[in-house]
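Input: a single structure, listed below in structure tokens.
Note that this is a predicted model, so its numbers are computed, not measured.
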Amino acid sequence: MTTQKQLIVIAGNIGVGKSSLTERLAAALGWEPYYEAADENPYLEDFYLDMPRWSFHSQVFFLGRRLENQRQLLQRPESVVQDRSIYEDAEVFASNLYRQGMLSGRDYGTYRTLYDGVVGLLPKPDLLIYLKASVPTLITRIKQRGRQFEQAIIPEYLARLNDLYEDWISAWEGSPILAVQTDSLDFVHNPHDLNMIVEEIQALLAPESDVSE
């Protein structure tokens, strides 16, 4: 693989395994892990209890934190595996809240203006890893990790997010995509499953003859 600084971003629904894969890929590749700040969101517990009231606050917090993360990542000399992207905050979560009437048109417009104004200035990742899982698998994993504020998440909410993820990924042109169906994978406990993903990443990031447009 090339020694040039690179960025892999891991995207996917709640409970799909982003943080677990971030940790293991960073160790396998010898890169730096960079984790989502979900547990630090001071609005998140309130958001799950009353989405219409707290959705704008929560989304703006996440956007600000993602921008700070990107600033820090640009200053790092080493290659990075990043847990969740700034893009899915807007294209999946904020979009879902707006469509469900939990984020007003005024608040959504303000959020999108801020998001669109900065996201075009950010460098794109070298690879986007999209972790996929069925709703029953997501529910099982959410229960297993035991975050109390997540236990009220309903299957219909996760299903809508899955649909929005598919829409976003189908339109993504910012980098190569590695889609990984995780329902039957266990990259936490099965080294073979992890090695399979690592090998696919190495193949996608390997230097090639210049065929870029």
For residues 111-131, the salt bridge (charged side-chain N to carboxylate O under 4.0 Å, His left out) pairs (sequence neighbours left out) are Glu91-Arg112, Arg112-Asp116
Which residues pass the side chain to side chain donor-acceptor pair (under 3.5 Å) test with Ser85, sequence neighbours left out? Glu88
Flag side-chain contact, heavy atom, 4.5 Å: Gln82 against Ile8: no
Which of Ile139, Leu138, Ile153 passes side-chain contact (heavy atoms from CB on, under 4.5 Å) with Ile14? It is Ile153
Residues which pass side chain to side chain donor-acceptor pair (under 3.5 Å) with Ser58, listed by chain and number, not counting sequence neighbours: Asn41
Report whether Leu49 and Phe61 are members of the same hydrophobic cluster (ILVMFWY, side-chain heavy atoms less than 4.5 Å apart, transitive linking). no
Just jot down the side chain to side chain contact (heavy atoms under 4.5 Å, CB included) partners of Asn96, sequence neighbours excluded, or say none. Gln100, Tyr157, Arg160, Leu161, Leu164
Got a sec, which pairs hit ring pair (Phe, Tyr, Trp, His ring centres under 6.0 Å) with one end in residues 101-122, sequence neighbours left out? Tyr98-Tyr108
Heavy-atom side-chain contact between Glu32 and Val81 under 4.5 Å: no
Can you tell me if Arg84 uses its side chain to pair, donor with acceptor, with the backbone of Ala11 under 3.5 Å? no
Indicate the atoms forming the closest heavy-atom contact of Trp31 with Val80, along with that distance. CE3-O, 3.5 Å
Between Arg145 and Glu150 (salt bridge meaning N to carboxylate O under 4.0 Å), is one present in this structure? yes
Among pairs that include at least one residue of residues 178-198, which meet ring pair (Phe, Tyr, Trp, His ring centres under 6.0 Å), considering only residues two or more places apart or in two chains? none
Salt-bridge contact Asp46-Arg53 (side-chain N to carboxylate O under 4.0 Å): no
Side chain to side chain donor-acceptor pair (under 3.5 Å) against Ser175, all qualifying residues, sequence neighbours excluded: Trp172
Could you check whether any side-chain heavy atom of Pro52 comes within less than 4.5 Å of a side-chain heavy atom of Met102, counting everything from C-beta outward? yes
What pair of heavy atoms forms the shortest contact from Ser79 to Gln4, and how long is it? OG-O, 3.6 Å
Between Gly15 and Ile142, which heavy-atom pair has the shortest distance, and what is it? CA-CG1, 4.1 Å
In Å and rounded to the nearest 0.5 Å, what is the CG to OG1 distance from Asp83 to Thr22? 4.0 Å
Quick check on the hydrophobic clustering: are Val9 and Leu121 connected, directly or via other members, by side-chain heavy-atom contacts under 4.5 Å? no
Would you compute the distance between atom CG of Leu63 and atom CG of Leu114 and round it to the nearest 0.5 angstrom? 5.0 Å
Check the hydrophobic clustering (I, L, V, M, F, W, Y; side-chain heavy atoms under 4.5 Å; chains of links allowed) and say if Val118 and Tyr87 are grouped together. yes
Ile10 with Val188, same ILVMFWY side-chain cluster at under 4.5 Å: yes
Backbone N or O of Asn13 within a donor-acceptor pair of the Lys18 side chain at under 3.5 Å? yes
Contacts satisfying salt bridge (charged side-chain N to carboxylate O under 4.0 Å, His left out) that involve residues 161-184 (not counting sequence neighbours) are Lys132-Glu166
Check whether Leu178 and Met196 end up in the same hydrophobic cluster, where Ile, Leu, Val, Met, Phe, Trp and Tyr are linked by side-chain heavy atoms less than 4.5 Å apart. yes
Taking the inter-plane angle between the rings of Tyr165 and Tyr130 on a 0 to 90° scale, is it parallel (under 30°), tilted (30 to 60°) or perpendicular (over 60°)? parallel
Using 0.5 Å steps for rounding, measure from the CG atom of Leu194 to the CG atom of Leu185. 10.0 Å
For the student: nearest non-hydrogen atoms of Leu97 and Ser55, plus distance: CD1-CB, 3.6 Å
Indicate the atoms forming the closest heavy-atom contact of Leu127 with Pro176, along with that distance. CD1-O, 3.5 Å
Do side-chain atoms of Gln59 reach the backbone of Phe93 as a donor and acceptor pair under 3.5 angstrom? no
Looking at residues at least two apart in the chain, or sitting in another chain, which of them share a salt bridge (Lys or Arg N to Asp or Glu O under 4.0 Å) with Glu78? Arg76
A side-chain contact here means heavy atoms from C-beta on lying under 4.5 Å apart; do Val60 and Thr110 qualify? no
For Asp193, all residues meeting side chain to side chain donor-acceptor pair (under 3.5 Å), sequence neighbours excluded: none
Under 3.5 Å donor-acceptor, Asn195 side chain and Pro191 backbone: yes
Side chain to side chain contact (heavy atoms under 4.5 Å, CB included) partners of Pro136, counting only residues at least two apart: Ser134
Measure the shortest side-chain to side-chain distance between Asn69 and Ile86 over non-hydrogen atoms and say whether it is less than 4.5 angstrom. no
Kindly say whether Asp107 contributes a backbone atom to a donor-acceptor pair with the side chain of Ser104 at under 3.5 angstrom? yes
List in chain and number order the residues that pass side chain to side chain contact (heavy atoms under 4.5 Å, CB included) with Arg71, two or more places apart in sequence or in another chain; answer none if no residue qualifies. Glu68, Gln75
Are Ser19 and Arg24 close enough that a side-chain donor and a side-chain acceptor fall under 3.5 Å? no
